[in-house]
Each structure stands twice: as C-alpha cells, then as structure tokens.
Amino acid sequence: MLKTNSTRFSSIGDRIFDAGNYIFMIILVFVTLYPFINMFALSFNDANDSIRGDIYFWPREWTLRNYAYVFNESNVFYATFISAARTIVGTAVSVFCTAMLAYAISRPEYKLKKFIAITFIFTMYFSGGLIPNYLLIKELGMLNSFWVYIIPGIIGVFNMIVIRSFIEGLPEGIMESAKMDGAGDLTTFLRIVLPLTMPALATVSLFVAVYQWNSWFDVFLYNSSRHDLSTLQYELVKILSTSDTGSSAADQYADAQGSADIVTPTSVRATMTIVASLPIIMVYPFLQKYFVKGMIVGGVKG
C-alpha cells in the first residue's frame with residue numbers, strides 16, 4: 001500500500017514538473033521569437049501607420065515601400081553577392097585550415113603540440129589592438145582587397161579546441177589501421193578524420209558563417225573606399241545611419257515616390273533586421289542535426 005501511494009505521489013510530482021517545463025519552454029520560445037516577429041510586422045507595415053504604434057504580430061497596413069527603400073541603392077545587390085562570397089569562401093577556408101591544425105595538435109606523436117596549443121590559446125586573451133592590426137594588414141598589402149575578409153580570421157582558436165576535442169574522442173585504432181595500410185597524415189586527415197568529424201565541422205561552420213555574414217566593421221576599417229567590396233551588412237549600416245539623420249538619399253527617394261515621410265528610422269531598422277538575418281537563418285535547418293552532437297562531443301574534453 002505504501003508503495004502504491006508513493007508511486008501515485010511520484011506520478012503527480014512528475015506531471016507537475018513536466019507541466020512546469022512545458023510552460024517555461026513556451027515562455028522562452030515566445031520571448032525569443034517575439035522580437036523577430038515584431039520586426040517582421042514592422043518591416044511590412046506602412047511607415048506612417050507604424051508611428052501610431054500597437055503593431056505586435058501582424059502588419060496593419062501592408063506595404064513593400066520599406067524594402068523598396070532599402071534596395072533602392074543598386075550597390076545593395078552587389079553587396080549581397082560579396083557577403084555571400086565571403087561567407088562561403090571564408091567558412092570553407094577557415095574550417096579546413098582550423099581542422100588541419102586541430103588534427104596536428106591532437107596527435108600524441110607531435111612533440112610541440114602543447115606549445116602550439118598554448119600559443120594559440122594565448123591569442124584568445126591578448127591581442128595587439130586595433131591600430132597594430134591595421135598596420136599589420138597594411139604591411140601585408142591586404143588593404144582594399146577581398147582577402148582581408150578571409151585571411152585574418154582563417155584560424156579560430158575556440159573552433160580549433162572544439163574540433164581537436166572531437167578528434168581526440170575518435171577511436172585511435174582507426175587511424176592506426178590507416179597508417180598500417182600505408183596512409184600518410186594527409187590521407188588520414190582527408191579520408192578518415194574529416195568524414196568522422198562532420199558533426200564538429202558543421203557546428204564550427206555555423207559559427208564561422210554567422211560571423212562572416214554579420215561582419216561589417218572590417219569593411220569600414222579596410223575597404224571603406226572600395227564600393228565594389230562593400231558587404232550587405234555595411235550597406236545596411238549606412239542605410240540605417242542615413243535614415244536616422246534624414247539624409248538626402250532618403251529625401252530623394254521619398255520625393256520620387258510622392259511622399260514626404262514614406263519611411264521612418266523604425267521601419268528601416270526593422271527592414272534592415274529582416275534582410276540581414278533571414279539568409280543566415282535559412283542555413284540553420286541544414287546544420288541543426290549536426291549542431292547538438294558536435295557541441296556535446298566536442299566539449300567533452302579540454
């Protein structure tokens with residue numbers, strides 16, 4: 001009888017706990033998604049009508065004028081191509097080089113692996129600063145070039161640690177068997193390590209891709225004079241700044257459309273958020289199945 005009552009109370013406690021978890025997760029999802037949904041509604045709502053407020057989940061007066069304003073500048077389309085190019089090339093090069101480094105310092109026969117690892121980890125906490133970095137980029141001849149987006153961030157130390165931990169968790173017998181069959185380090189890395197570390201590589205790829213897509217400050221520092229190398233994020237930053245100051249570009253567009261207040265800083269900011277975040281959000285579903293496994297297994301060891 002005591003056992004039955006204990007089971008009954010335990011079952012009630014489990015149900016209360018599960019209900020609390022469901023409520024908490026629903027609130028968390030709502031808090032996470034609401035800002036993006038609100039930005040979506042504002043971006044498709046008439047700017048003059050948005051001034052009245054009370055727009056939460058759905059546009060009150062549908063319009064595409066905000067997007068027409070954002071894409072009015074012809075450079076935005078080319079900047080989108082540059083952003084996509086730096087994201088694809090930068091992610092591929094960075095992940096491959098970082099994985100090669102991680103494989104090297106994960107091998108027990110490599111004598112300098114601890115020294116190399118400490119050297120790279122040191123750079124996570126100490127850097128030369130903005131001016132020395134700019135002078136270094138200048139001396140390397142990478143100012144006003146596309147490669148300034150790729151080479152300076154080619155190795156991510158945190159990403160290297162994640163991949164190294166994942167590689168160290170692989171069965172050592174697989175790599176020993178490959179060496180017994182005559183495979184060198186490069187063959188072992190390309191044909192065995194890379195396929196087996198796909199979850200970690202997908203996780204790191206997502207980190208790098210988000211960084212590359214969202215980056216704009218390096219464009220401002222190194223390529224501000226090259227309009228053909230401008231990125232989408234930098235163009236959207238300029239659009240936002242001009243909308244805040246009531247620039248001549250916004251006035252000219254408004255005059256051409258026959259309206260003095262066709263856009264507002266709030267509507268432009270909402271549209272900018274959607275345009276900048278939607279492409280990279282579309283990448284998540286393709287990498288989601290690898291993401292959790294890569295983070296859990298990659299974080300097991302130091």
Straight-line distance of Leu221 CG to Lys138 NZ, nearest 0.5 Å
13.5 Å

Which pair of non-hydrogen atoms, one from Gly153 and one from Ser94, has the smallest distance, and what is that distance?
O-OG, 3.6 Å

More than 12 heavy atoms from other groups under 6.0 Å of CZ on Phe220
no

Angle class for the Phe207/Phe158 ring planes (parallel below 30°, perpendicular above 60°, tilted otherwise)?
tilted

State whether Lys238 and Glu235 are salt-bridged, where the test is any N-O pair (Lys NZ or Arg NE/NH1/NH2 against Asp/Glu carboxylate O) under 4.0 Å.
yes

Measure from the side-chain N and O atoms of Ser230 to the backbone N and O of His227, and report whether any donor-acceptor pair falls under 3.5 Å.
no

Run the ring-centre check on Phe126 versus Phe122 and record whether the distance is less than 6.0 Å.
yes

Side chains of Ser215 and Asp218: any donor to acceptor distance under 3.5 Å?
yes

ILVMFWY network linking Val208 to Ile88, side-chain heavy atoms under 4.5 angstrom
no

Compute whether any side-chain donor of one residue and acceptor of the other, for Glu168 and Ser106, lie under 3.5 angstrom apart.
no

Taking only residues two or more places apart in sequence or in another chain, which ones pass side chain to side chain contact (heavy atoms under 4.5 Å, CB included) with Trp58?
Trp62

hydrophobic_cluster_shared for Tyr134 and Trp216, side chain cutoff 4.5 Å
yes

Any side-chain heavy atom of Leu232 sitting closer than 4.5 Å to one from Phe81?
no

Value for CG (Leu136) from CD1 (Ile131), rounded to nearest 0.5 Å, stands at 13.5 Å

pair Ile174-Pro171: side-chain heavy atoms closer than 4.5 Å
yes

Would Ile161 end up clustered with Leu112 when hydrophobic side chains under 4.5 Å apart are linked, directly or stepwise?
yes

Looking at every non-hydrogen atom in both residues, tell me the closest pair between Leu236 and Ala276 and how far apart they are.
CD1-CB, 3.7 Å

Ser225-Asn144 side chain donor-acceptor pair, cut-off 3.5 Å
yes

Taking a hydrophobic cluster as the set of Ile, Leu, Val, Met, Phe, Trp and Tyr residues connected by side-chain heavy atoms closer than 4.5 Å, whether directly or through intermediates, do Val95 and Leu186 fall within one such cluster?
yes

Before giving the answer on side-chain contact (heavy atoms from CB on, under 4.5 Å), spell out for Ile27 and Ile23 the whole-Å C-alpha distance, their side-chain angles and the decisive distance to 0.1 Å.
CA-CA 6 Å; Ile27 295 175; Ile23 294 173; 3.9 Å; yes

Under 3.5 Å, is there a donor-acceptor pair between the Asn223 and Tyr149 side chains?
yes

In the structure I gave you, are the side-chain heavy atoms of Leu101 and Ile116 within less than 4.5 Å of one another anywhere?
yes

One should read off an interatomic distance between Thr271 OG1 and Phe44 CZ, to the nearest 0.5 angstrom, of 8.0 Å

In Å and rounded to the nearest 0.5 Å, what is the NZ to CD1 distance from Lys113 to Ile105?
8.5 Å

Identify the heavy atoms of Ala99 and Phe189 that sit nearest to each other, and give their distance.
O-CE1, 3.5 Å

If we only count heavy atoms from C-beta on, is the Leu194 to Met100 side-chain gap below 4.5 Å?
no

Whichever hydrophobic residues join Leu28 through chains of side-chain contacts under 4.5 Å
Phe24, Met25

So, the side chain of Ser83 versus the backbone of Thr80: is there a donor-acceptor pair under 3.5 Å, distance only?
no

Side chain to side chain contact (heavy atoms under 4.5 Å, CB included) against Thr63, all qualifying residues, sequence neighbours excluded
Asp46, Arg65, Asn66

Nearest heavy-atom neighbours spanning Ala209 and Thr87:
O-CG2, 3.8 Å

Quick check: do Ile121 and Tyr125 have side-chain heavy atoms less than 4.5 Å from each other?
yes

Is there a donor-acceptor contact under 3.5 Å from the side chain of Asn214 to the main chain of Val210?
yes

Return the orientation label for the Phe57 and Tyr34 ring planes: parallel under 30°, perpendicular over 60°, tilted otherwise.
perpendicular

State which residues pass ring pair (Phe, Tyr, Trp, His ring centres under 6.0 Å) with Tyr211; sequence neighbours excluded, sorted by chain then number.
none

Residues at least two apart in sequence or cross-chain that pass side chain to side chain contact (heavy atoms under 4.5 Å, CB included) with Arg191, listed by chain then number, are Thr187

Can you confirm whether Trp147 sits close enough to Ile154 that some side-chain heavy atom of one is under 4.5 Å from a side-chain heavy atom of the other?
no

I want to check something: taking the side chain as every heavy atom from C-beta on, are Pro152 and Met142 in contact at a cut-off of under 4.5 Å?
yes

Check: Phe217 ring centre within less than 6.0 Å of Tyr234 ring centre
no

ILVMFWY network linking Ile151 to Leu130, side-chain heavy atoms under 4.5 angstrom:
yes

Intermediate values then yes/no, side-chain contact (heavy atoms from CB on, under 4.5 Å), Ile274 and Phe36
CA-CA 8 Å; Ile274 298 300; Phe36 187 80; 3.8 Å; yes

Using the test side chain to side chain contact (heavy atoms under 4.5 Å, CB included), find all partners of Ala270 that sit at least two apart in sequence or belong to another chain.
Met39, Leu42, Ser43

If only atom types and distance count, is the side chain of Trp213 paired as donor or acceptor with the main-chain N or O of Arg86 below 3.5 Å?
no

For the residue pair Val219 and Ile82, establish whether any side-chain heavy-atom pair is separated by less than 4.5 Å.
no

Could you tell me the separation between the OG1 atom of Thr197 and the CD1 atom of Ile192, rounded to the nearest 0.5 Å?
11.5 Å

Note: Met175 and Thr188 closest approach over all heavy atoms is CG-CG2, 3.7 Å

So CZ of Phe120 and CZ of Phe115: to nearest 0.5 Å the spacing works out to 10.5 Å

Passing candidate, side chain to side chain contact (heavy atoms under 4.5 Å, CB included) with Val148, options Leu229, Leu143, Ile137, Leu140
Ile137

Please answer whether the main-chain N or O of Ala79 pairs with a side-chain N or O of Thr231 as donor and acceptor at a distance below 3.5 Å.
no

